[in-house]
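Sequence lines set the chain letters: A, B, ... in the order given, protein chains first and strands last, and positions in each chain run from 1. Note that the structure is predicted; figures quoted are calculated from it, not measured.
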Amino acid sequence: MYSEKVMDHFQNPRNVGEIVDASGVGEVGNARCGDIMKLWIKVEDNIITDIKFKTFGCGAAIATSSMITELAIGKTVEEAEQITNKAVAEALDGLPPIKMHCSNLAAEALHAAIQDYRSRNGLNIPRSQ
Amino acid sequence: MYSEKVMDHFQNPRNVGEIVDASGVGEVGNARCGDIMKLWIKVEDNIITDIKFKTFGCGAAIATSSMITELAIGKTVEEAEQITNKAVAEALDGLPPIKMHCSNLAAEALHAAIQDYRSRNGLNIPRSQ
Amino acid sequence: MQRIYLDHAATTPVLPEVLEAMLPYFSHEFGNASGVYSWSRTARQAVDQARDTVAEILGALAEEIVFTAGGSESDNLAIKGVAWANRERGRHIITSAIEHHAVLETCHWLEREGFEVTYLPVDSQGLVDPSAVEAALRPDTILVTIMHANNEVGTIQPIAEIGQIVKDSKAVFHTDAVQSAGVLDINVDRLHVDLLSLSAHKLYGPKGVGVLYVRKGTRISPLIHGGAHERRRRAGTENVPGIVGLAKALEITHAEREKENARLILLRDRLIEGLQTIPHTRVNGSLTQRLPNNVNVCFEFIEGESLLLTLDMRGVAASSGSACTSGSLEPSHVLLAMGLPHEIAHGSLRLTLGRGTTAADIDYVLAEIPQIVERLRAMSPLYRA
Amino acid sequence: MQRIYLDHAATTPVLPEVLEAMLPYFSHEFGNASGVYSWSRTARQAVDQARDTVAEILGALAEEIVFTAGGSESDNLAIKGVAWANRERGRHIITSAIEHHAVLETCHWLEREGFEVTYLPVDSQGLVDPSAVEAALRPDTILVTIMHANNEVGTIQPIAEIGQIVKDSKAVFHTDAVQSAGVLDINVDRLHVDLLSLSAHKLYGPKGVGVLYVRKGTRISPLIHGGAHERRRRAGTENVPGIVGLAKALEITHAEREKENARLILLRDRLIEGLQTIPHTRVNGSLTQRLPNNVNVCFEFIEGESLLLTLDMRGVAASSGSACTSGSLEPSHVLLAMGLPHEIAHGSLRLTLGRGTTAADIDYVLAEIPQIVERLRAMSPLYRA
Ligand SMILES: Cc1ncc(COP(=O)(O)O)c(C=O)c1O
Ligand SMILES: Cc1ncc(COP(=O)(O)O)c(C=O)c1O
């Protein structure tokens with residue numbers, strides 16, 4: 001049911017772990033629903049230089065967590081913020097329909113970590129929304 | 001679904017035909033229901049000396065017709081009248097439940113032929129219903 | 001003794017290629033198609049591939065195919081499923097007088113549940129008049145169900161024409177294609193149907209597996225509730241070997257359809273012509289709108305079962321009326337609906353040809369049947385030679 | 001790579017002897033059991049003999065056995081059939097919170113159709129309290145349906161005791177014995193049940209065939225209307241090879257039941273003990289009233305699917321929750337009903353042993369699982385070593 005890419009990221013997840021002196025941390029989901037993602041970023045000169053995650057969840061949840069760390073690393077904060085759920089799913093060669101919500105979670109966790117980084121650094125900008 | 005006896009009487013029905021100078025003729029059933037039996041008897045000295053039948057009907061109808069001719073021949077009219085549906089079915093080693101009505105028909109045809117013989121000969125006795 | 005099987009409308013043997021395709025899924029690749037592990041993936045792939053094959057032959061989407069346990073279940077799911085899901089919109093159903101019992105009994109039951117059913121008559125050939133469908137349609141008609149080809153007399157209904165008419169109404173259109181599925185074109189768009197039933201064992205596949213095609217957007221309630229199988233339209237662990245066998249059988253019969261039909265039509269017509277030389281014989285059903293493998297005749301003055309028994313003793317398997325009601329005392333409802341009198345309807349014989357039928361088989365039965373008819377007529381009080 | 005199948009509660013391989021018994025009925029003795037000719041008689045005899053075998057094992061009459069297309073259909077037929085046939089007498093049904101979806105979803109549907117359903121709770125081991133059944137019975141209760149053994153945690157319910165209680169009421173008693181049929185005594189008199197469902201593919205028979213036992217005198221409406229098959233309780237051409245396979249599988253599993261159960265209990269307990277050495281592990285279900293082949297544990301801080309995927313990569317087939325709902329986001333309704341918190345219920349693992357399971361298989365999984373749990377916990381934000 002999962003693509004080879006998903007299985008690869010599930011078996012060999014990139015960037016598992018924690019960053020002790022993280023610039024920002026995001027946590028989304030809850031155990032009741034069976035998915036929790038926690039994501040740490042290190043930002044230097046507005047660039048994400050390190051990123052780590054821990055995930056409680058299904059295969060797709062772990063693979064999307066792993067994939068988003070690969071997509072985000074090396075990007076500017078603004079670029080990283082543009083990473084969509086769709087981009088994560090596509091980078092994994094697709095997800096089964098009932099697992100699409102997992103790619104939501106990964107993007108949300110990254111955005112939460114970026115928000116945390118901004119608020120720690122007084123960088124909150126009014127959102128045009 | 002049929003016993004060997006039934007199949008034997010179906011394949012080699014005894015006493016098929018008509019009796020031109022019959023003492024009595026009975027006909028029961030109707031084509032609408034898929035079964036008609038016609039039965040001729042020859043009575044001499046109150047004994048059924050000859051009996052013939054023609055039947056339009058299923059395998060059981062033909063076998064019960066054949067069997068009742070064997071049961072009745074050589075019997076007195078009164079003895080023949082005692083032949084029940086059950087006796088016909090038993091003599092055939094049984095009939096499938098949905099075919100039990102066919103043994104009714106055979107006994108009825110015999111009784112009708114006997115009645116015909118009696119009324120032709122003014123022998124009608126008041127039945128104790 | 002020779003054994004000649006001429007009851008292909010009742011059921012067909014599983015083709016060797018079909019059985020071969022099924023075999024791996026009994027004891028080796030036996031996984032439940034719903035798991036996450038390798039056994040399950042193999043099973044899931046087999047089911048998916050079978051679904052694609054069936055969908056392609058029907059000109060449908062894979063998600064429109066629901067696997068069931070056979071023709072009766074498909075018919076029940078189609079009719080009850082549409083009735084339940086749409087009863088707030090209306091409670092009127094249109095069908096014909098010559099449907100299979102799986103349709104008729106279901107309709108009778110729905111009548112007792114408060115639905116109203118119109119049973120359209122047929123003409124002397126067993127044909128439904130499309131304009132009668134049009135006339136019967138009402139604002140509260142939710143379903144029209146007319147069989148593609150009749151199982152007793154082989155008459156093929158003008159389904160595409162009826163489908164065009166139903167399309168202009170709010171009703172959905174179901175066809176029971178159990179008899180036609182291995183023989184005729186069953187493209188659901190060309191037939192203009194929303195629902196279509198078929199059964200594997202009528203087309204050289206295994207017993208106990210069928211399909212209900214459900215056009216996307218058709219509202220239907222499940223008949224069997226439970227797990228999320230078949231997109232929640234039919235619960236139960238998938239019968240993987242059965243489903244694989246069904247698809248394989250449909251694939252083979254469709255690939256060879258035209259060639260095989262041409263062959264059967266020659267044999268069929270030879271048989272019909274031969275039987276017609278017996279006096280007091282009627283051919284039932286249409287001679288033009290007819291399944292390639294169906295012969296149905298009435299020999300007056302004799303009764304069907306005794307004919308079948310005698311044929312069986314001579315090695316020939318045939319049928320009178322529909323298989324699942326033999327043993328009943330009722331004459332065929334199909335022949336009665338076509339206007340035959342009861343006493344003649346009792347004497348019907350159905351011979352249905354198939355892939356194994358040869359010209360020699362036809363010659364054999366053409367030699368036997370006249371003798372049998374003569375013998376039974378000689379026993380019949382109705383017959384005067 | 002080694003392949004170890006530990007999901008026998010999901011489905012089982014068809015035994016070679018079972019397949020062998022089925023084979024003649026696909027392509028050779030393929031007759032429709034309803035005809036009058038020789039092919040049909042052979043098929044009819046095979047079905048009759050299978051029915052006798054099943055009846056004997058259940059301690060029932062042959063006429064009380066209805067062949068269906070599987071456990072889900074049997075459950076639906078039992079519940080809807082009794083509901084429809086008895087709705088003038090009452091509309092209250094009693095069941096438990098831990099039934100299979102084939103029962104629960106059917107009950108939910110009947111609720112929408114105007115029936116009232118009481119879902120009895122279970123204790124922390126998954127047991128229904130017979131006195132709770134007694135308390136729930138009302139004058140308008142028409143049906144009590146409680147499963148014999150649970151498919152997820154293997155808990156065996158006190159069916160005979162509940163049956164005694166229901167006997168004194170006007171309700172009929174159905175048990176879903178799909179998980180127990182090949183393993184436990186299923187004598188219907190000893191169990192005091194009026195209806196019992198089983199499915200062949202759970203006991204080394206083929207998929208797509210099952211049984212509903214219906215005690216003589218029990219009023220039940222058909223789910224599938226049509227021909228007169230199965231004494232008008234289930235229409236559709238009989239799945240002859242499937243029915244033959246079911247009977248053969250039931251015969252073999254019952255003959256070898258006690259010996260095999262003793263073997264499985266040893267393996268099961270060894271597996272449970274081994275898994276309990278992993279910290280933060282809970283065993284779910286009763287340790288005494290338990291199917292001989294069921295192991296169900298929760299490893300805290302990890303989620304079930306990722307565990308299954310990893311096991312699969314190491315050749316082990318296992319399950320989390322019931323097979324037909326995996327892919328869903330809901331944790332097991334059974335574990336929740338037993339009082340487990342959501343986050344723990346998400347991390348359940350079911351290992352179900354079978355005839356092919358060896359001590360070496362158990363050793364292999366006992367070597368693998370601790371590593372896998374450790375690896376996934378290391379990835380889990382909930383875990384602090
Ligand atoms: C036209 C038609 N519909 C439905 C059925 C029922 O199919 P099954 O016996 O597979 O349930 C049959 C055959 O019995 C049939 O000929
Ligand atoms: C307890 C129980 N009931 C019913 C079913 C349904 O059986 P089937 O999948 O054969 O329809 C199953 C298995 O899926 C089960 O475990």
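The side-chain heavy atoms of D:Asn284 and D:Val334, taken from C-beta on, include no pair separated by under 4.5 Å. Side chains of D:Arg290 and D:Ile272 form a contact here, defined as non-hydrogen atoms less than 4.5 Å apart. Side-chain contact between D:Leu311 and D:Ile4 is absent, with no heavy-atom pair separated by less than 4.5 Å. Side-chain contact between D:Cys298 and D:Leu335 is present, with at least one heavy-atom pair separated by less than 4.5 Å. Side chains of D:Arg314 and D:Gln371 form a contact here, defined as non-hydrogen atoms less than 4.5 Å apart. Proximity of D:Val316 to D:Tyr364: side-chain heavy atoms (C-beta onward) are separated by under 4.5 Å at one or more points.
Comparing D:Pro381, D:Ser380, D:Ala378 by how many heavy-atom pairs each has under 4.5 Å with chain A, the most go to D:Pro381. Ranked by non-hydrogen atom pairs under 4.5 Å with chain D, the options A:Ala61, A:Gly59, A:Gly57 are led by A:Gly57.
One distance of note links CD1 of A:Ile114 with OG of A:Ser119; it measures 12.0 Å at 0.5 Å rounding.
Defined by atom type and a distance below 3.5 Å, a donor-acceptor pair is missing between the side-chain atoms of D:Asp75 and D:Ser72. The closest side-chain donor-acceptor pair between A:Asn46 and A:Glu78 falls under 3.5 angstrom.
Only the side chain of D:Met313 comes within contact range of chain A, judged by heavy atoms closer than 4.5 Å. In this structure, no portion of D:Arg377 lies under 4.5 Å from any heavy atom of chain A. Only the side chain of A:Ile62 has a heavy atom closer than 4.5 Å to any heavy atom of chain D. Residue D:Ala345 does not touch chain A at all, counting heavy-atom pairs closer than 4.5 Å. Using a 4.5 Å cut-off between heavy atoms, D:Ile302 touches chain A through its backbone atoms (N, CA, C, O) alone.
Using bins of under 30°, 30° to 60° and over 60° for the plane-to-plane angle, the ring pair D:Phe301/D:Tyr383 lands in the tilted bin. The aromatic rings of D:His8 and D:Tyr5 sit perpendicular to each other, their planes meeting at more than 60°, with 30° as the lower class boundary. The aromatic rings of A:Phe56 and D:His346 lie perpendicular to each other, with more than 60° between the two planes, well past the 30° mark.
Contact detail for A:Leu110 and A:Ala72: the closest heavy-atom pair is CD2-CB, 4.0 Å.
Residues of residues 14-24 of chain A lying within less than 4.5 angstrom of chain D, judged on heavy atoms, are A:Val16, A:Glu18 in numerical order. Using non-hydrogen atoms only and a strict 4.5 Å limit, the part of residues 47-54 of chain A facing chain D consists of A:Lys54.
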